[in-house]
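A, B, ... follow the sequence lines: proteins, then strands. Residue 1 opens every chain.
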Number of protein chains: 2
Amino acid sequence: MPEDRAPTRIQKKNRAAILDAALNVFSAHGFRGATVDQIAAEAGLSKPNLLYYFPSKEAIHTALLSGLLETWLAPLHDLDAQGDPMEEILAYIQRKLEMSRDLPRESRLFANELVQGAPRIHDSLSNDLKALVDEKTAILSDWMDQGRIARLHPYHLIFSIWALTQHYADFDVQVRAILGDEDPYEGAEPFVDTLYRKLLTP
Amino acid sequence: MPEDRAPTRIQKKNRAAILDAALNVFSAHGFRGATVDQIAAEAGLSKPNLLYYFPSKEAIHTALLSGLLETWLAPLHDLDAQGDPMEEILAYIQRKLEMSRDLPRESRLFANELVQGAPRIHDSLSNDLKALVDEKTAILSDWMDQGRIARLHPYHLIFSIWALTQHYADFDVQVRAILGDEDPYEGAEPFVDTLYRKLLTP
DNA sequence: TCTTGATTTGACCATCTGGTCAAACTCACG
DNA sequence: CGTGAGTTTGACCAGATGGTCAAATCAAGA
């Protein structure tokens, strides 16, 4: 497939279809559990046709992960040092919870990768993610120094937000097995809101 | 292999070795990502030898999961309606955190299964787990009615405990990528303790 | 020690899976 | 139209993988 030229209409359509199908399959079965045939079928292509657009299964996975990492971290990026601490943090949590609800496949894609030791994104974690988290925890620490939010371990504060919000997407089956018909997010939203208001109030 | 007789010394040893090896491999790679050869090698057996003790890969996985489910739920089982609410809940959280630290493989085994939709333990979730959680949330609700702890959605309170504690085992790579050399559990313990004290105080 | 059941293994098989390739087909544009 | 680049596919391959089996080896009680 020609790499240098501008992508054709067909290329755009098929690449997008492949990535969407791959997101379905990888998020549901993990990298090893996904098969190229399955992704191709879901994208409405034959296997050789799919491999005309991406050189390998690994390449699809990589393209997906790196393409989505930015989306995934955007809410934390938006945490603004100039804003009101409590509002900023609660807005971040709110957005993370919405992402769990609206983009559960993306959440599970990363969860699958992480729980198996992140063999394919270890570098992104140690570099990009680490840098972003360091930048934002510095803001949190400032707010704590100023007495505007309670003093807490800033890294663990971030971990707790990730854990609490992504839990609903990653362990969706378990949550639904227990809640039955009740909508998880209806209860989750006020719960986490209350939790962090109490936790962060100095 | 004779099923009915009492297990011989060799049977006990090899079965245990297989289950331990399988726990290593399944927790690190998921069901599909694990190979029988890998498990056999780790257990110090040949593949046909391993299949002499368990009829299939699936059988090993099932044996592991059902054998560990009890261990995994024991801390919640111990939550005592007669005890002091705050102490009981904090002790539960403490035990869950210790399990994350001391039994990370078990945590990741379940995480792998759950994130992929729990195809092999769906029934246990809807039955055993659901029943246990219902029993214990009833106790939590009573405590809330009596004004001994803050009023919260009891199911989401449980979810939050699972999310916060298991996060450290399941997403260990990510946590360590961010914390660097710092021991995750050293900071996690006081953090979750503070969090739940603030949250649960009426 | 001998015998019998328990244990172990090398060789093997069918299927699945990621990936290749040459040939066929389709599309856009001059 | 005609043509060349872009697209699609059937047939195929090599290696991995779950599982089988008959034969060989071992262990323990009579």
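At whole-Å resolution of the value, NE2 in A:H29 and P in C:dC16 are 16 Å apart. Between the C1' atom of C:dT26 and the CD1 atom of A:I10 lies a distance of 8 Å, rounded to the nearest Å. For the pair A:K47 NZ and C:dT17 P, the interatomic distance rounds to 9 Å; values are reported in whole Å. The distance between atom CG of A:D37 and atom C1' of C:dC16, rounded to the nearest whole Å, is 9 Å. Taking atom CD1 of residue A:I39 and atom P of nucleotide C:dT17, one finds them 12 Å apart after rounding to whole Å. One can place OH of B:Y52 at 15 Å from C1' of D:dA22, the figure rounded to the nearest angstrom. If you take CG of A:N49 and C1' of C:dG19, they are 14 Å apart, rounded to a whole angstrom. Here the C1' atom of nucleotide D:dT9 and the CG atom of A:L50 are 13 Å apart, to the nearest Å.
Salt bridge status for A:R176 with A:D181: absent, with no side-chain N to carboxylate O gap under 4.0 Å. Here A:D170 does not pair with A:R108 in a salt bridge; the nearest charged N to carboxylate O distance is not below 4.0 Å. Ion pairing between a basic and an acidic side chain is recognised when a charged N comes within 4.0 Å of a carboxylate O; A:R15 and A:D20 show no such pairing. Electrostatic pairing of B:R95 and B:D78 counts as a salt bridge here, judged by a charged N lying under 4.0 Å from a carboxylate O.
Across all strands shown, B:L51 has heavy atoms under 4.0 Å from base atoms, whether or not it also approaches the sugar-phosphate. Among the atoms of the strands shown, only primed sugar atoms or phosphate atoms (P, OP1, OP2) are found under 4.0 Å from some heavy atom of A:A34.
Remark: the B:K57 side chain and the D:dG19 base include no donor-acceptor N/O pair separated by less than 3.5 Å.
The residue among B:G33 and A:P48 whose nearest nucleotide of DNA chain D lies closer to the 5′ end is A:P48. Each of B:R9 and B:T35 has a nearest nucleotide on DNA chain D; the 5'-most of these lies closest to B:T35.
The environment of B:E70 atom CD is sparse: at most 12 non-hydrogen atoms of other residues, nucleotides or ligands sit within 6.0 angstrom.
Taking only side-chain atoms of A:Y53, from C-beta outward, the nucleotide of D:dT8, D:dT9, C:dG18 with the closest atom is D:dT8.
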